[in-house]
Amino acid sequence: MSLHKRRKIRTFALLFCIITFTTFLFSYTFGDPSLYFKHAFRLSDSFLSKGLCACHQCMMEQDEDPWFAEHFNQSVHPLMTRENSVLSDETFKWWQWLQSESQPANFSEVVEELFQVVPDEVLYVDASPERCRTCAVVGNSGNLKGTHYGPLIDSMDFIIRMNQAPTSGFEEDVGTRTTHHVMYPESATDLDNTTILVLIPFKILDLQWIISALTTGTIKYTYVPVPPRIKANRDKVLIYNPTFFKYVYESWLEGHGRYPSTGFLSLLFAIHICDEVNVFGFGADRNGNWHHYWEKNHLAGAFRHTGVHDGDHEYNVTLLLADKHKIQMFRGR
Ligand code: C5P
């Protein structure tokens with residue numbers, strides 16, 4: 001039996017005795033003995049009822065942290081489906097402003113075409129007291145080097161990587177398995193047949209690109225050259241929901257930076273679909289260098305001062321989530 005469970009039972013036993021004694025005294029003094037049983041049973045019910053997941057600590061706890069509860073909105077689903085693809089005017093305008101297009105295609109027509117190529121499924125809504133879905137969100141920081149986190153990362157149910165992230169040659173520190181790879185056209189990389197590709201669309205052309213990259217290969221350029229084709233299983237392609245994207249920016253970043261980084265978007269994706277979130281490869285290394293684990297050059301500040309993302313603010317929110325035991329941070333070296 002875990003220490004946590006033993007503590008829970010001990011606290012329960014103590015509380016049970018106190019309540020039994022005081023309620024018994026109260027009810028006999030004021031004449032309603034049935035009160036005693038009511039209190040005792042309500043208490044045992046709430047204590048012995050199953051948690052919201054089967055992990056040691058669940059993302060959704062009953063005794064919710066007020067700060068977390070204020071920011072978290074379970075009703076916004078991280079993934080786009082045909083059904084939730086109709087965006088509000090406000091969301092559509094915000095989303096189109098991210099990387100404005102001179103001649104955008106018709107959004108709903110593109111979405112219709114998209115879901116003829118990739119699956120239109122409602123996924124990850126299967127939370128239950130029996131489920132303990134552990135997740136690793138693996139950022140690309142150079143602080144992963146020399147950590148030997150590989151086996152720990154590989155032990156998780158979901159392993160979420162992003163952008164150019166390689167594993168080959170870095171297995172000891174970053175692991176070998178990838179269940180989800182988050183990317184956008186300009187950061188795309190080939191995947192194996194089992195990995196789920198999570199596309200973050202910043203514009204309509206990005207949705208057209210994934211259709212093209214999985215079929216005809218006609219789109220070769222967005223604002224930079226992009227891979228005309230991508231190796232990926234088209235039955236395992238998911239689309240990050242623009243409404244969720246805006247929610248992450250407004251609710252979690254409170255408008256800091258121009259838009260959230262891939263890492264922060266991946267983190268919130270995990271927070272919404274996992275019971276336990278473990279974060280690796282975020283932040284600078286011990287010398288303050290802000291680089292990728294596969295790069296030799298240590299470009300201090302390269303990520304933080306781009307102006308597009310507010311890396312410091314994102315990192316502070318991430319640390320706050322860790323302080324509140326919502327996620328576990330593995331800070332690396
Ligand atoms: O650089 P890139 O965007 O590919 O990295 C993916 C994510 O990893 C970033 O969005 C950021 O959240 C995280 N990262 C970091 N520190 C670094 C490099 C990346 O936190 N030095």
Side-chain angles (χ1 to χ4, degrees), residues 78 98-99 135-147 149 153 158-170 173-175 178-191 195 197-202 206 222-224 226-227 230 240 244-245 248-249 252-253 256-272 277-322 326-333:
L98 295 178
Q99 288 181 2
C135 297
V137 183
V138 189
N140 290 340
S141 171
N143 73 16
L144 280 165
K145 273 190 207 166
T147 56
Y149 284 152
I153 292 174
F158 284 3
I159 298 154
I160 304 168
R161 301 186 198 272
M162 58 207 75
N163 297 342
Q164 295 291 318
T167 50
S168 173
F170 306 94
D173 296 330
V174 309
T178 308
T179 60
H180 297 70
H181 200 115
V182 182
M183 63 177 82
Y184 47 93
E186 296 81 9
S187 75
T189 189
D190 287 336
L191 304 179
T195 303
L197 187 163
V198 182
L199 178 82
I200 302 180
F202 288 81
D206 295 352
T222 57
Y223 56 86
V224 289
V226 290
I230 185 157
Y240 204 93
F244 191 82
F245 197 154
V248 173
Y249 179 63
W252 288 95
L253 291 185
H256 284 263
R258 191 164 147 81
Y259 47 79
S261 70
T262 320
F264 200 76
L265 290 167
S266 304
L267 175 63
L268 263 298
F269 173 64
I271 285 176
H272 275 252
V277 174
N278 301 280
V279 176
F280 303 83
F282 276 59
D285 69 9
R286 62 185 156 180
N287 300 317
N289 294 312
W290 203 273
H291 61 299
H292 296 135
Y293 61 82
W294 61 90
E295 286 168 350
K296 288 216 159 50
N297 58 324
H298 294 182
L299 293 173
F303 167 80
R304 274 186 289 188
H305 301 301
T306 57
V308 182
H309 310 303
D310 188 337
D312 288 334
H313 186 76
E314 289 190 3
Y315 194 64
N316 289 339
V317 177
T318 311
L319 288 181
L320 204 50
L321 282 162
K326 283 295 171 188
I327 61 172
Q328 203 176 343
M329 282 278 273
F330 292 83
R331 289 172 197 236
R333 305 177 72 224

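Since we're looking at a predicted model, the values are computed, not measured. Numbering of residues begins at 1 and proceeds along the displayed sequence. Whatever order the structure lists ligands and atoms in, that order sets their numbers, starting from 1.
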- prompt: Nearest heavy-atom pair of I200 and L265: which atoms, and what distance?
  reply: CD1-CD1, 3.7 Å
query: What do you reckon, does N163 have a nitrogen or oxygen under 3.5 Å from a nitrogen or oxygen of ligand 1?
result: yes
message: Please find the pair of heavy atoms, one from F264 and one from W252, that lie closest to each other, and give the distance.
response: CE2-CB, 3.8 Å
message: At less than 4.0 angstrom from any non-hydrogen atom of G139, what atoms of ligand 1 do you find?
response: 8 (O)
message: Please check whether G263 reaches ligand 1 - meaning an N/O of the residue sits under 3.5 Å from an N/O of the ligand, judged on distance alone.
response: yes
Option whose closest heavy atom lies nearest to atom 5 (O) of ligand 1, chosen from V138, N140, L267: N140
message: Would you say that L319 contacts R331 through its side chain, given a criterion of any heavy-atom pair below 4.5 Å between the two side chains?
response: yes
- prompt: Taking atom types as modelled, is there a side-chain donor on T147 or R333 under 3.5 Å from an acceptor on the other?
  reply: no
message: So for ligand 1, is S261 a polar contact partner (N or O within less than 3.5 Å, distance only)?
response: yes
task: Please could you name the atoms of ligand 1 that M162 approaches to less than 4.0 Å, counting only its heavy atoms?
output: 6 (C), 7 (C)
query: Closest heavy-atom contact between F280 and Y149?
result: CD2-CD1, 3.6 Å
Ligand 1 atoms in contact with H292 (distance to a heavy atom under 4.0 Å): 1 (O), 2 (P), 4 (O)
query: Heavy-atom distance to atom 19 (C) of ligand 1: which of S141, P260, A284, G311 wins?
result: S141
message: Checking T222 now: which residues fulfil side-chain hydrogen bond (donor to acceptor under 3.5 Å, both in side chains) with it, not counting sequence neighbours?
response: E186
task: Using side-chain hydrogen bond (donor to acceptor under 3.5 Å, both in side chains) as the criterion, list what pairs up with T167, not counting sequence neighbours.
output: none
query: What about G283: any of its N or O atoms under 3.5 Å from an N or O on ligand 1?
result: yes
query: Can you find an N or O of N289 that's nearer than 3.5 Å to an N or O of ligand 1?
result: no
